Amino acid sequence: MPRNSTEAVETLSSADDKAIEAPAFTGGKFTGGKFMGGKFMGGKSPEAQMRAAGLRHLLSINGVRVLLVVVWLGAWELAASNWIDPFYYSKPSAIWGRLVDWFTDGTSQGSIWEQISYTLQEAVAGFVLGALGGVVLGIVLGRSRFLSDVCAPFIKAANAIPRIILASLFVIWFGLGMQSKIATAFVLVFFAVFFNAFQGAREVDRNLVNNARILGAGRLQVLTTIVVPSATSWILASLHSAFGFAIIGAIVGEYSGADKGLGLLINHSQGTFDSAGIYAGMIIITVLALLAEWLLTLVENRLLRWRPPSAGDRAAQI
């Protein structure tokens with residue numbers, strides 16, 4: 001028994017922080033439960049309740065998304081069947097039929113899988129080369145004020161050139177093969193990654209760098225142990241949009257001139273006024289971009305596992 005009011009308050013506070021077993025009845029049956037922090041938690045642990053709440057939240061979000069897509073497609077189908085001309089605007093049923101034809105009977109340019117593979121090879125090669133070049137040059141110029149001042153006007157001038165003009169030049173230089181499409185994808189990816197890597201290298205904590213130098217770290221050690229890890233979040237953020245740019249570069253290059261690829265397929269559909277074929281090609285490209293985004297998210301979570309969760313991440317888990 002507490003001997004005074006102060007001890008009574010301390011006893012209640014310590015008991016309030018501990019989990020106290022308490023009886024609970026659900027539907028006339030005993031289920032058990034706990035009091036935690038002055039609140040009855042039921043038979044589930046706080047972690048289980050958080051997981052259940054997160055699952056309900058995810059299901060509700062996906063349910064609303066599916067509902068929006070169904071309403072949108074239904075309204076489009078209804079409008080194309082009654083009010084607008086499906087020759088120009090097509091309709092979901094015609095687009096689905098075109099996709100089924102492509103994946104079962106093939107396209108006018110050959111197997112649909114061959115077209116997808118060709119475009120993916122161009123996009124992946126351009127993405128890898130552009131990302132490597134953007135990261136290396138961005139970090140180097142970000143850490144060297146002199147080099148960045150010298151190269152700044154040339155980089156800005158190169159970034160200002162319209163990509164469609166470069167795609168035409170690449171076709172003249174490298175021909176109708178895969179090289180010209182890889183070059184176009186490289187240009188789009190390079191600048192998207194370069195500016196983020198450059199800014200990430202500039203945003204490194206100066207005190208951290210100075211402390212490392214005081215402890216005897218050389219330039220290479222500072223670069224590999226401080227600068228690159230600090231810029232990783234900036235670089236990975238740019239990679240999410242960079243792969244989309246790589247696909248765009250491949251498609252634009254195929255539009256300028258190609259003998260295979262999804263861009264050629266869409267270009268052929270445009271030439272024959274096949275609006276359903278254009279939409280079908282867009283859907284395939286969108287699916288490829290979403291799959292790449294999913295893979296990049298897995299890689300990002302793996303590489304940034306060391307980083308403590310932010311306030312926004314903790315709030316999203318509640």
Side-chain angles (χ1 to χ4, degrees), residues 69 90 95 98-99 102-103 106-135 138 158-159 161-171 173-197 235-271 274-300:
V69 172
S90 190
I95 298 170
R98 180 68 70 248
L99 287 170
W102 282 357
F103 282 96
T107 70
S108 59
Q109 311 301 320
S111 170
I112 184 62
W113 295 110
E114 184 181 6
Q115 314 306 317
I116 294 174
S117 173
Y118 197 78
T119 300
L120 271 182
Q121 291 178 57
E122 297 165 347
V124 171
F127 173 77
V128 172
L129 295 175
L132 288 176
V135 168
N159 187 41
I161 300 174
R163 305 300 186 260
I164 188 65
I165 297 177
L166 291 176
S168 302
L169 283 176
F170 292 151
V171 170
W173 294 347
F174 304 116
L176 298 177
M178 193 177 291
Q179 293 84 354
S180 59
K181 287 71 179 177
I182 293 176
T184 307
F186 168 84
V187 171
L188 269 73
V189 172
F190 172 81
F191 288 105
V193 176
F194 168 79
F195 289 113
N196 268 40
I235 296 170
L236 290 176
S238 66
L239 293 181
H240 284 280
S241 59
F243 191 82
F245 289 142
I247 294 181
I248 293 173
I251 298 298
V252 169
E254 290 168 356
Y255 252 85
S256 300
D259 52 1
K260 294 179 184 177
L262 292 174
L264 177 64
L265 193 60
I266 295 175
N267 193 18
H268 182 268
S269 297
Q270 178 188 358
D274 181 14
S275 58
I278 297 175
Y279 282 116
M282 290 169 57
I283 290 174
I284 295 174
I285 293 171
T286 301
V287 171
L288 295 178
L290 290 177
L291 289 176
E293 170 71 17
W294 175 70
L295 290 175
L296 287 173
T297 301
L298 293 181
V299 173
E300 180 180 14

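A quick note: this is a predicted structure, and the numbers were derived from the prediction, not measured.
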Within a strict 4.5 Å, meaning less than it, do heavy atoms of the [X] and [Y] side chains meet?
X	Y	answer
His268	Thr107	no
Ile284	Leu99	yes
Asn159	Phe195	yes
Phe127	Phe245	no
Asn196	Ile235	no
Leu290	Thr286	yes
Thr119	Gln115	no

Check whether [X] reaches the backbone of [Y] with its side chain - one donor and one acceptor, N or O, closer than 3.5 Å.
X	Y	value
Ser241	Ser238	yes
Lys181	Leu176	yes
Glu254	Leu262	yes
Thr184	Ala250	no

Looking only at heavy atoms, what is the nearest atom pair of [X] and [Y], with distance?
X	Y	result
Gly253	Val171	O-CG2, 4.5 Å
Phe243	Leu288	CE2-O, 4.4 Å
Val252	Ala167	CG1-CB, 3.9 Å
Ser90	Ser275	CB-OG, 3.3 Å

Query raised in the report: Nearest 0.5 Å, what's the CG-CG distance between Leu239 and Leu295?
Result: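 The distance works out to 12.5 Å.
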Query - Rounded distance (nearest 0.5 Å) linking atom CD1 of Ile251 with atom CG of Leu264 - result: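 So the gap between those two atoms works out to 10.0 Å.
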Query raised in the report: Can you name the salt bridge (Lys or Arg N to Asp or Glu O under 4.0 Å) partners of Glu293, sequence neighbours left out?
Result: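 Glu293: no salt bridge (Lys or Arg N to Asp or Glu O under 4.0 Å) contacts found.
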Query - side chain to side chain contact (heavy atoms under 4.5 Å, CB included) assessment of Ile161 paired with Val187 - result: CA-CA 10 Å; Ile161 300 174; Val187 171; over 6 Å; no
Query raised in the report: Should the ring pair Phe170 and Phe174 be called parallel, tilted or perpendicular, given that the plane angle runs from 0 to 90° and is split at 30 and 60?
Result: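 Because their plane-to-plane angle lies in the 30° to 60° range, the rings of Phe170 and Phe174 count as tilted.
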Query raised in the report: Who are the ring-ring contact (aromatic ring centres under 6.0 Å, His included) partners of Tyr118, not counting sequence neighbours?
Result: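 Residues passing ring-ring contact (aromatic ring centres under 6.0 Å, His included) with Tyr118: none at all.
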